[in-house]
Q: 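My questions will all concern the structure given below.
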Amino acid sequence: GIAAEKNDSSSDTARSGGTLTLAIDGTSAVNDPAFYTTLGDWMVVDCVCRGLTFISFETNEPTADLAESWTVSDDQLVYTFTLRQGVTFHDGTAFTSADVLASLNRQFNDADKTLPKGSSRPLKGIGDNLAALTAPDAATVVFKLKKPDRTLLGRLSDIGGRIISKAALEKYGAGIGKNLVGTGPFKFASATAGQNVTLEAFDAFRLGKPPIDRLVLQQVTDPSTIVSSLLSGDISATQFTPYSALEQLKGDTSVTVYDTPKSFDAFIMMDVRRIPELAVRKAINLAIDRQALITQAFFGAAVLPDGYTIPPNQDAYDASLADLSKTDVAEAKRLIQEAGATGRTVRLMAASDSWHPKAAQLITQNLTDIGLKVETDSVDPAAYFNRLFDAGDKFHDLMIWERNGYYPDADDMIGSLAKPSGVYGEFMSGFNTLDGSAAYADMLFEAKNIADATARKARYSEIQRAWADKYMTLSMLVCASNPVVSGTDVKDMNWKALGNHRCYVENASV
Amino acid sequence: MKLPTPLIELEKLRVDFGGSGGRRVRAVRDVDLTIYQGETLGLVGESGCGKSTLGRATVRVTEPTGGTIRYLGADITTLRGAHFRQTRAELQMVFQDPFGSLNPRRTVADIVAEPLLRARRTPRPEARRIVDDLLDQVGLGREAGTRRPHEFSGGQRQRIGIARALAPAPTFVVADEPVSALDVSIQAQVINLLADLIRERGLTMLFISHDLGVVRHIADRIAVMYLGEIIEIASRDDFFAGPAHPYGEALLSSVPTLSRQPRRERIELTGDLPDPAAPPAGCTFHTRCRYAVDRCRTEAPALTEVAAGRQVRCHFPLLPVKGPA
Amino acid sequence: MSGETLLEIRGLTVGFDVPAGRLPAVAGVDLSLRRGEILALVGESGSGKSALSMSLVGLNRGPGAHIGGEVLFHGRDLVTAGERELRGVRGKDIAVVFQDSLAALNPTQRIGDQVAEMIRAHRKVTRGQAGRRAEELLGEVGIAGPAQAARAYPHQLSGGMRQRVMIAIGLANDPAVLIADEPTTALDVTIQAQVLRLLTKLQSEHGTAIVLITHDLGVVAEVADRVAVMYAGRIIEQGTRDEVLFDPQHPYTMGLLSSVPRVDGPAVARLPAIAGNPLTGVARPAGCAFAPRCPFAHDACRAEMPPLRRRYGGTAHVDRCVLDDAARTRARGALEVLAP
Amino acid sequence: MTGTWWLVVKRLAAVPLVLLALSTMVFVAVRTLPGSPATGLAAGGSSGTSSAADITANTAKINAALGLDKPLPEQYATFLGDVVHLDLGSSFYGGNDITGLLGDALPATIELTVAAMLIAVLIGMLTGILAALRRGTWIDTATRAIGTVSFSLPWFALGVLGIVVFGVWLRWLPVIGRLPNALDYHPLTNFVLLDAILQDRPELIWPWLQHLIMPATTLALSMAGFITRIVRASVLEVLGDDFVRTARMKGLSPGAILRRHVLRNSSLPIVTVLGLQFGSLLGGSVVTETVFSYPGVGNLLVNGILQRDYPIVQGAALAIALLFTLVNVVVDLLYLALDPRLRKA
Amino acid sequence: MSESTTTSGLRGALAARRLGRGPLAAGSWIVVALFVLVAIAGPLLVTADPTRNTADALLPLGASGHLLGTDDLGRDELARMVHGARPLLLVAFLSTGLAALLGVGIGMIAGYAGGKVEWVLMRLMDLALAFPSMLLIILIVSAWSPGVGSLVTGIGTALAPGLARLARALAAREAGRDYVLAARLGGTRAPRILVQEVLPNMAGPMLAQVVMTLSIAAGFAAGLSYLGLGIQPPTPDWGYMVQAGQEFLYRAPRLVVLPAAATLIFVVACNFVGDDLRDALDPKGTR
Ligand SMILES: Nc1ncnc2c1ncn2[C@@H]1O[C@H](COP(=O)(O)OP(=O)(O)OP(=O)(O)O)[C@@H](O)[C@H]1O
Ligand SMILES: Nc1ncnc2c1ncn2[C@@H]1O[C@H](COP(=O)(O)OP(=O)(O)OP(=O)(O)O)[C@@H](O)[C@H]1O
Ligand SMILES: [Mg+2]
Ligand SMILES: [Mg+2]
């Protein structure tokens with residue numbers, strides 16, 4: 001804004017001070033690691049709270065954060081964390097193991113008094129696998145697992161693992177989401193649902209006070225307004241830029257468009273209960289013109305899914321899987337004819353926001369071209385999300401969907417997508433009803449705990465190939481990015497993290 | 001003189017209008033009135049005193065709030081359905097406004113035929129014949145049937161209205177100021193037409209007017225209304241010889257006359273008609289009556305017979321013993 | 001009573017553009033108004049009474065209205081006078097009392113203010129002075145409790161009271177001429193009597209000349225000094241009250257008089273009526289406009305419009321009829337016009 | 001004047017009844033929206049590893065916690081009871097207190113709509129009166145044509161156009177929000193102008209106006225065209241009234257006639273229309289606020305609908321309807337003040 | 001008398017050629033007629049498939065084979081514009097029809113019946129009016145799945161109360177007229193009185209208002225499609241095209257301008273036609 005510029009003009013020498021405004025998808029003004037509301041609200045949690053471990057997304061390895069170091073027992077069942085000393089929370093209290101227990105127990109124990117109604121507890125899964133969580137002393141925390149879990153360190157860096165001041169938890173109880181107190185670079189100042197959250201730089205941040213004074217996460221829902229406010233300078237940066245504007249923005253000198261890593265999967269879920277023939281599902285997979293999707297729906301901010309569901313920014317990415325997502329219209333037609341499915345009506349459901357409707361239109365065309373009749377339904381995201389869970393929904397045959405990596409690990413992608421039990425296997429694709437699907441649970445568990453990265457990658461590739469060949473319940477469309485754009489004056493922003501909806505702007509300046 | 005048979009008998013007829021803010025106007029207050037077969041009763045009174053409402057209530061286009069209406073001795077106050085439709089045809093009305101009383105979208109023949117088709121359920125060809133005859137009778141000529149009301153002048157329209165009222169061959173007609181919207185020269189035409197029709201068809205009529213001159217030319221008896229009540233009933237000649245109620249007296253003396261002589265004493269009323277929602281206590285006329293005494297302010301007089309065929313609602317009626325000679 | 005001439009109207013014409021052409025509402029009228037007299041203008045609806053009187057002060061000026069001829073007032077021609085000049089005359093020298101008092105008063109302005117506005121339009125007085133004068137005026141026109149009435153809104157007053165208010169407005173600046181356009185038509189006879197008496201009282205007290213427009217011949221008989229009868233935009237007969245009402249010369253005047261239902265005299269079985277309808281359209285016959293309805297018309301009547309002619313030497317009783325005296329007497333008999 | 005007060009009281013007494021009926025409508029309408037928030041909450045943010053059974057169980061639990069498992073009549077009774085206590089419940093997502101949310105958002109919406117109304121009335125009155133006085137001339141035709149066009153403008157695209165032109169190309173005006181993010185604003189009444197005075201912070205006013213002008217004008221434009229038409233018609237109507245002729249008879253100048261007689265009387269129909277049009281403004285603000293990320297009730301409502309956050313939708317819809325109802329009460333009272341004829345009780 | 005001899009009201013107005021006088025009015029009638037024509041016959045004339053995606057995305061105006069260029073999915077813009085007229089007009093006309101049916105029906109009954117019936121009906125209408133129509137429509141439409149049906153229901157319902165108010169006032173005015181009393185005296189029953197006496201006499205002002213409503217309905221239809229609550233892609237629809245084209249505001253403004261201008265022209269023309277009808281039918285001529 002204009003007034004903002006005026007305020008800033010006082011300090012033109014040092015690149016410090018000022019306000020950084022990020023456009024976010026929405027805010028309920030509730031920022032609680034145990035309660036998912038919007039991506040934007042969780043970005044606030046990123047800024048306010050840090051966890052035992054940290055993944056910067058510039059590298060995908062978990063590094064030490066509030067835990068200074070850790071040891072893992074040989075049987076992979078006991079993790080002992082040594083906590084960093086001298087860290088203070090925004091409320092002035094010192095960070096100890098008591099805070100860790102208080103924060104993590106909210107994830108593991110659904111009877112915790114400080115949980116608000118309807119909380120989602122993202123680390124619940126770890127809790128299910130936990131034999132004990134103890135703090136032998138103020139500087140040590142010990143996890144005892146039931147079964148080994150190689151992903152523990154990574155998952156602790158996730159939002160659910162963020163540490164909140166125990167004093168604050170006791171003070172605010174279930175209302176903690178409105179008064180979040182952590183050790184992060186920014187402290188909570190104010191928030192208004194549906195509008196914005198204002199944070200202030202935390203002087204005592206353990207890595208030093210951030211250059212900016214104030215961080216505002218501003219809800220902007222209208223896509224064209226996002227573009228306009230980037231251009232007008234009302235917004236400093238965002239990862240919610242509409243794809244169609246990228247070209248325009250690239251040509252504008254007032255903004256920087258980053259080559260954000262292709263980190264999320266865009267795919268079609270096929271409900272095997274509706275489309276029982278594998279041949280038809282494969283035909284559908286072969287029919288899709290992914291190049292058209294990349295240019296016309298993603299405007300270049302996507303790549304072919306050469307690693308099947310593992311996006312290129314993850315270490316299990318294996319380009320040799322490219323053939324699983326190849327396009328062969330003739331073959332597709334042949335398969336359809338062979339299956340006697342020519343003229344069959346398939347129904348396609350897509351959300352009405354972002355790239356989804358456009359992809360739906362392109363895919364409708366592709367499927368029509370191979371002899372299917374397509375009916376589409378485009379619904380608003382909330383309704384769409386609900387209908388995905390309803391196997392009886394009329395449009396449950398084909399569903400366009402996307403999945404971000406919550407933490408950058410193959411287990412989070414193929415691990416959850418190919419699991420027979422769970423949202424994808426049970427609700428959406430009905431994969432669990434197919435012969436042999438049960439084995440995938442064990443295969444995936446075994447794969448994720450393979451310590452050697454190369455061996456693990458090979459195993460994942462095997463699983464993916466087999467899964468796709470035998471079942472084809474999921475057809476990959478593309479791997480795409482959440483394109484980050486910022487004003488040219490914004491420097492040193494961790495845009496790779498932002499591309500994964502993670503907000504690490506403690507080094508950024510305006 | 002033949003023995004008068006009552007055709008319409010009103011008993012304690014009452015019409016209330018609920019206004020806004022709890023304001024209730026009692027437009028007609030417990031009126032007792034008998035209209036005899038074959039007579040024309042002239043109803044006069046100031047604007048807003050309830051003449052139209054009484055007329056409308058008599059033929060039930062305004063539903064009375066209380067009291068009874070008897071037609072040929074039968075109570076028709078709450079009659080409904082087919083029975084009522086029968087009676088409906090017998091009771092008709094001519095309206096004041098020659099513009100508002102005819103549907104501008106319909107042809108004259110359609111307008112006149114409507115009551116025949118609906119109330120009398122006359123077959124169409126027959127109705128057509130009756131309509132043609134009627135149009136001739138009211139002096140419009142049958143060709144008028146194909147035209148629409150806006151092509152006619154006020155007087156001609158009033159003739160259409162009369163034809164419509166007469167179509168179902170009614171026995172009783174309420175004529176609500178049928179000539180007051182017309183110019184004098186036209187007025188006379190219409191009054192003559194009505195007089196002829198009354199004579200030819202033996203109609204009984206309630207003729208409402210505020211023009212005493214007009215009433216005098218057409219009515220057999222006169223009823224004077226004031227603030228929702230009948231205050232005097234007299235034969236025409238008796239009334240014009242000298243009203244018995246002080247209000248009638250003032251009314252008659254206020255009419256400007258076309259005479260060269262210095263007029264009789266003019267009795268000028270002070271003030272206006274009181275608010276019908278809050279009528280004065282006692283005799284409703286006492287606020288404007290030059291003869292009023294204390295009794296008039298507290299005690300409401302009843303309508304009493306002071307002479308044969310002559311009723312007055314006054315404690316001290318002006319007896320019409322002597323004329324100005 | 002025969003004061004100096006205040007208004008001299010010469011060859012006044014008023015035409016209105018209507019879809020069918022130019023409507024001759026007033027088709028050439030000569031008339032004069034003398035100080036202190038009441039001149040009654042009678043005629044049927046649409047005969048041009050209002051059009052005539054409104055054009056005197058240009059109140060019906062506007063696109064589509066064409067006013068011609070002369071209206072001389074104190075040596076000025078009001079027909080050609082500019083709007084600004086006319087504003088000085090309106091309300092000050094010549095005032096109008098309109099018929100429908102409910103419509104003619106501003107519904108959202110207090111009575112007192114509406115009267116005071118008239119005063120302040122032409123005099124340099126303070127708001128307070130004007131207000132006090134307004135109350136006085138309301139008292140003068142016979143409104144009981146003028147202070148209270150001044151604070152009322154038009155709808156809170158009765159028709160008779162409102163008509164008095166209109167008169168008070170008309171008289172506010174003591175005009176030389178008051179045009180009263182059917183001031184009592186909407187009123188009951190009892191109220192009409194009050195208002196008429198007020199008008200005559202004011203006329204005699206202030207010496208105001210009044211143009212009284214009405215179609216009620218009874219009213220004319222009661223208050224007028226002189227009478228002009230209009231038919232189809234023209235004056236067809238003019239004279240003193242007694243001349244016109246009791247010695248009518250034009251068959252139209254005769255018919256008009258005979259068809260009035262009266263409360264005195266014998267109650268006749270049939271009213272002698274004028275047949276046919278008044279002329280309202282754009283087209284006018286070549287000859288006498290009344291000829292189509294006139295039972296005594298002959299060829300000469302249809303040839304050309306008869307000029308206004310004086311009947312008796314010396315008097316100002318004029319008419320537009322070609323019939324000779326004998327024919328007129330026959331006509332009077334046939335129409336049962338009451339003998340004087 | 002007791003009659004007048006009686007009317008006022010009666011009019012105000014009707015408001016709670018209207019609100020009761022409105023609440024019912026809102027309750028019913030909101031519950032017919034497809035999709036339930038529980039599933040969204042249950043699955044939201046989960047890493048996809050939770051099992052279907054988990055989600056189903058969680059959905060049921062959330063439903064219970066939110067009271068969505070109760071029979072509708074019971075939900076309704078609870079809802080009504082709460083409304084009576086001015087407790088509009090709390091948001092499904094994070095339990096924000098709806099009354100508090102509305103406390104933040106309503107003043108913003110009121111500022112926006114009132115500003116739009118003022119702009120529209122100003123433009124509409126001026127042009128309407130001009131057109132009426134110059135009836136039949138080219139000025140009249142032009143005004144009417146422009147008015148009709150502005151009245152028909154696709155309001156949904158107008159804001160975007162404004163943003164592009166004034167925000168991006170010319171950079172005259174900010175394109176989002178209500179105040180600059182860099183500015184410290186600690187709401188007291190949450191009406192910026194009022195707070196600027198109460199807190200003695202005049203520096204708030206200019207940026208506030210800058211943020212207000214574009215959304216308000218966007219909203220106002222279509223309405224201005226409409227007002228032009230109404231004003232023109234009603235001025236013409238009054239010009240033909242008899243009392244205007246009386247005023248001319250008095251020898252008043254055209255200016256005085258316009259001021260003292262025409263304007264007040266022609267404002268009667270205009271005021272009614274304004275009341276009704278305020279509804280369109282509120283409706284339009286739903287879209288405008290989204291486009292300008294303006295922190296008002298409309299924005300809240302759209303979010304609520306998108307998230308199936310019933311209490312927010314209920315609260316926001318109720319607030320909008322309440323605002324509208326109140327405006328119409330004000331209009332009625334204004335009417336009463338303007339038209340003495342109505343005071344006769 | 002100088003007027004035609006057998007007609008009155010609307011027919012009279014038409015016969016007297018009072019409609020469509022002046023270039024603005026005449027032009028508007030022609031424009032509306034053209035739009036209707038395009039909606040009905042246009043799709044038969046334009047052969048290109050408006051939903052056929054091609055690789056030739058965002059071709060400029062006048063590109064070979066694509067007079068108006070192509071959109072972001074390579075679809076022929078001319079075909080989309082022509083086909084896009086249909087849903088808008090369909091929704092506008094149907095929802096206006098529904099609003100007229102509901103509004104005139106309810107208003108007429110309320111105005112004629114008076115008393116309690118009127119009170120109940122009009123309070124219902126007041127309630128509906130207490131919601132800004134946009135809000136009401138959004139609630140109705142989002143309760144159903146978006147499409148022509150829900151649009152028509154939503155817009156029709158939301159616009160009905162406004163018409164009902166006018167219909168009530170007109171019907172009450174007519175019901176107080178003596179000719180209605182006369183019809184009752186003549187034994188005509190209420191339904192027939194409504195149809196035969198009341199309706200024809202309120203038709204003039206009502207019709208003008210209905211045409212105005214048509215323009216409002218068209219505005220809403222486009223607006224809702226713009227919000228994604230209306231006609232669903234890939235069916236071409238102007239409102240949605242504006243929304244979809246907005247992404248390319250800087251690169252291919254025509255994708256926004258064409259459908260927005262078409263909508264605007266239609267709505268404006270409807271307004272002028274409504275004006276013209278009102279002028280022609282208004283006895284007072286106040287315009
Ligand atoms: N429909 C109505 N609603 C409310 N009040 C009414 C209605 N009709 C008549 N009134 C009131 O009832 C009273 C009598 O009215 P009515 O029309 O019967 O008088 P009237 O004697 O016919 O007067 P006029 O000579 O003016 O026709 C008046 O005060 C009038 O205001
Ligand atoms: N402004 C106008 N535009 C068109 N025609 C008009 C206008 N004013 C009056 N007329 C017509 O001029 C003729 C004379 O009208 P005027 O009002 O003078 O009649 P009047 O004698 O006053 O009748 P009434 O007794 O009904 O008041 C009528 O036919 C009338 O329709
Ligand atoms: Mg009456
Ligand atoms: Mg006149």
Side-chain angles (χ1 to χ4, degrees), chain B residues 44-49 139 152-156 179 181-193 195-196 199 209-219 236-237 239-240 247 250-261 263-264 266-275 288, chain C residues 42-47 142 144 157-161 184 186-194 196-197 214-223 231 241-242 245-246 252 255-278 280 293 338-340:
Chain B
V44 298
E46 268 170 292
S47 179
C49 70
F152 295 91
S153 71
Q156 289 171 318
V179 296
L182 306 176
D183 272 317
V184 236
S185 68
I186 311 298
Q187 223 175 48
Q189 299 171 1
V190 174
I191 292 174
N192 289 340
L193 172 67
D196 293 346
R199 196 164 14 86
S209 179
H210 56 243
D211 186 333
L212 285 174
V214 170
V215 173
R216 178 162 175 258
H217 278 86
I218 200 157
R236 173 187 58 187
D237 293 338
F239 181 81
F240 282 97
Y247 173 65
L251 200 59
L252 188 54
S253 83
S254 304
V255 179
T257 53
L258 257 177
S259 68
R260 199 186 275 231
Q261 290 91 3
R263 57 167 26 267
R264 312 164 282 187
R266 152 86 50 93
I267 301 152
E268 195 169 292
L269 286 180
T270 52
D272 307 299
L273 194 67
D275 181 359
R288 298 168 78 191
Chain C
V42 295
E44 282 174 289
S45 195
S47 57
L157 303 183
S158 69
M161 297 249 274
T184 61
L187 304 177
D188 283 311
V189 277
T190 55
I191 315 296
Q192 166 170 295
Q194 299 168 3
L196 286 179
R197 215 179 58 169
T214 180
H215 52 240
D216 186 335
L217 293 171
V219 169
V220 176
E222 215 131 286
V223 301
Y231 190 82
R241 176 189 85 128
D242 287 358
L245 292 190
F246 304 114
Y252 175 66
L256 213 52
L257 282 162
S258 66
S259 56
V260 178
R262 307 171 57 157
V263 292
D264 52 354
V268 291
R270 287 184 67 79
L271 289 163
I274 305 177
N277 291 299
T280 47
R293 297 175 75 191
L338 290 183

Q: C:Ala221, C:Pro278, C:Ser259: which one forms the most heavy-atom pairs within less than 4.5 Å of chain B?
A: C:Ser259
Q: Given that the side chain runs from C-beta out, which part of B:Ser47 has a heavy atom under 4.5 Å from chain C: side chain, backbone, both or neither?
A: both
Q: Count the heavy-atom pairs under 4.5 Å between each of C:Gln192, C:Met161, C:Arg197 and chain B, then report the option with the highest count.
A: C:Arg197
Q: Which region of B:Gln189, side chain (C-beta onward) or backbone (N, CA, C, O), has a non-hydrogen atom less than 4.5 Å from a non-hydrogen atom of chain C, or is it both or neither?
A: both
Q: Between the main-chain N or O of B:His217 and the side-chain N or O of B:Arg236, is there a donor-acceptor pair closer than 3.5 Å?
A: no
Q: Which bit of C:Leu217 comes within less than 4.5 Å of chain B, counting heavy atoms only: side chain, backbone, both or neither?
A: both
Q: Is it true that, when you exclude C:Arg241 itself, more than 12 heavy atoms of the residues, nucleotides or ligands shown sit nearer than 6.0 Å to its CZ?
A: yes
Q: Enter the distance from C:Asp188:CG to B:Asp272:CG here, rounded to the nearest 0.5 Å.
A: 9.0 Å
Q: Is it the case that the side chains of C:Ser47 and C:Glu44 hold a donor-acceptor pair, with the cut-off being a distance below 3.5 Å and no angle test?
A: no
Q: Please name all residues satisfying salt bridge (charged side-chain N to carboxylate O under 4.0 Å, His left out) with B:Arg288, sequence neighbours left out, ordered by chain then number.
A: B:Glu46
Q: Sort out for me which of B:Gly45, B:Gly48, B:Ser153 touches chain C most, counting heavy-atom pairs under 4.5 Å.
A: B:Ser153
Q: Report which part of B:Ile191 has an atom under 4.5 Å of a heavy atom belonging to chain C: side chain, backbone, both, or neither.
A: side chain
Q: List the residues meeting salt bridge (charged side-chain N to carboxylate O under 4.0 Å, His left out) with B:Asp237, not counting sequence neighbours, and say none if there are none.
A: none
Q: Among the options B:Gly155, B:Ser185, B:Gly154, pick out the one with the most heavy-atom pairs lying under 4.5 Å from chain C.
A: B:Ser185
